[in-house]
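Take a look at the structure set out below.
In what follows, every chain begins at residue 1, and chains take the letters A, B, ... in the order their sequences are listed. Note that the structure is predicted; figures quoted are calculated from it, not measured.
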Number of protein chains: 2
Amino acid sequence: MNAPHNDILPVSADVVVFTMREDCLSVLLVPEGKRVGHRWRLPGGLIRDRERLDRAAERNLQRDTGLSGVFLEQLYTFGAPDRVSEQRVITVAYYALVSALNPTATKQMSIGAARLFPVNSLPVMMLDHDAIVGCAHRRLAAKLEYSTIALQFMPNRFPLSGLQRVYEAILGTALDKRNFRKRILALDCLEETPDFARNGRHRPARLYRIKTPGRVEIFK
Amino acid sequence: MNAPHNDILPVSADVVVFTMREDCLSVLLVPEGKRVGHRWRLPGGLIRDRERLDRAAERNLQRDTGLSGVFLEQLYTFGAPDRVSEQRVITVAYYALVSALNPTATKQMSIGAARLFPVNSLPVMMLDHDAIVGCAHRRLAAKLEYSTIALQFMPNRFPLSGLQRVYEAILGTALDKRNFRKRILALDCLEETPDFARNGRHRPARLYRIKTPGRVEIFK
DNA sequence: CAAGTTAGTGTGCAAGCGACACTATGTCAA
DNA sequence: TTGACATAGTGTCGCTTGCACACTAACTTG
């Protein structure tokens, strides 16, 4: 019996995976079908009976893209019935942040048919997935102001200018270098390493490391 | 066939209704059953096929409590399977704010078996409904800082001291009168009326009115 | 060694925030 | 009528915070 029982609905957990590619905030999408001219969709899929919501998001993300062990937070639940053609689906949307230079994640992401798209030039997407991406982008930008969430994009060691480029890519605006450094260092969430990044014909940049990796601090 | 189909789940929309009673932030609950010693639960119920999520919240809220036309926002979606005894239910939680002196709402609320409980002395509740109320309370307190959401609790005309008591009840802390008035008036969301509240043996208080009722401003 | 490129640093001003105490105006009771 | 009581209403000062703003440092490469 495939027809939905009354008041019992399919529920999917879909994930907006953000990562930084070439200083551009990008989203990981998977093809909706195999034909040419297909649309794209968020990685995700149906939640199983007796499965935790966040576990369902992780599982479907791994199935669709190979990614696992990433930072994941619930975003919003979408469920307007007019969003669908045939079968109504409720979507519990999550967003994930992936470090750009995480080799494991990068390898995982490049395995399947998934592709990265810059958030400012997204392809045609299934259902209301474009609205979900927009919602996630706004949430992410808002969280920059009162949390250390942007550190999730950073590799183990990085220069402050790299972090600044992350902020600028998400916010879509340029930031003053001095004010940015003052503000970030005042958070007391980074510490100097003895090392420097030597690349390019210019002065090397001090590398920093996150004091408590994997932990997102909220400050009001 | 009542057993759930695989990957098809019951989804409920439940509502945390906040209102102010006797200067105390309170939540509207309905009895889980009719026996003595029953637990209490949030008003809410299953989402129907082809029904918008927020419409389902409104419909179930009206059915359980008689309330309608209130301020309603999505809170979070809860769905750990261990939260349940028999049947796993996913809950899309909403929160609603009701003006204390709204006679229509007050009348509606007093019709059924629903009862108001101060948020600091809640009864034993079904499933994880206590966690949902806690989550809603934290969200509400956070929104006081960057929005005019508290005005949803106020009647048509009210003194500033009344609004201050709302803030204090939600935050659980006392606020300085002069700083509070400065801050609220600086938002430019209220305007004086020519009238005063004359109650009690003391100086009457100027009554204010909301410039754009029904509209919650966000200021970052 | 000159040109090019990014790293790194401090100050001053304006706005906002919190601490803080007294006068004003009504009611009510003696 | 007057005194006691209760809440309304008002301004300043110091501190912190946010923002604008320009130059020197250090490396690479030709």
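A salt bridge does not link A/Glu32 with A/Arg41: every distance from a Lys NZ or Arg NE/NH1/NH2 to an Asp or Glu carboxylate oxygen is 4.0 Å or more. We find that A/Arg206 and A/Asp195 are not joined by a salt bridge, their nearest charged nitrogen and carboxylate oxygen being 4.0 Å or further apart.
For the pair B/Asp176 and B/Arg183, nearest-nucleotide mapping onto DNA chain C gives the more 5' position to B/Arg183.
Residues A/Glu73 and A/Tyr95 have side chains that bring a donor and an acceptor to within less than 3.5 angstrom of each other. The closest side-chain donor-acceptor pair between B/Thr77 and A/Thr77 falls under 3.5 angstrom. For the 3.5 Å distance criterion, the side chains of B/Glu58 and B/Gln62 fail to qualify, holding no donor opposite an acceptor.
The listed nucleotides are D/dA8, D/dC21, D/dA25; the one nearest the side chain of A/Arg203 is D/dA25. When each of C/dC20, C/dA7, C/dG4 is scored by its nearest atom to the side-chain atoms of A/Lys177, the top-ranked nucleotide is C/dA7. When distances run from any side-chain atom of A/His202 to the nucleotides D/dT12, D/dG9, C/dA7, the shortest one goes to C/dA7.
Whole-Å rounding puts the A/Phe219 CZ to D/dT16 P distance at 19 Å. Summarising the geometry, the separation between CD1 on B/Ile184 and P on C/dC17 is reported as 11 Å, rounded to the nearest angstrom. Between B/Leu163 atom CG and D/dA8 atom P the separation is 13 Å, expressed in whole Å. A straight line from CZ of B/Arg198 to C1' of D/dA8 spans 15 Å, rounded to a whole angstrom. A straight line from CG of A/Asn179 to P of C/dT11 spans 14 Å, rounded to a whole angstrom. Rounded to an integer number of Å, the gap from CZ of B/Phe158 to P of D/dT7 is 20 Å. The distance between atom CG of B/Leu185 and atom P of C/dG16, rounded to the nearest whole Å, is 15 Å. For the pair A/Leu175 CG and C/dA7 C1', the interatomic distance rounds to 17 Å; values are reported in whole Å.
Residue contacts shown for B/Arg181 include a base, since a base heavy atom lies under 4.0 Å away.
Residue B/Ser161 places none of its side-chain N or O atoms closer than 4.0 Å to OP1 or OP2 of D/dT7.
For a distance-only test at 3.5 Å, the side chain of A/Lys182 fails to qualify as a donor-acceptor partner of the base of D/dT16.
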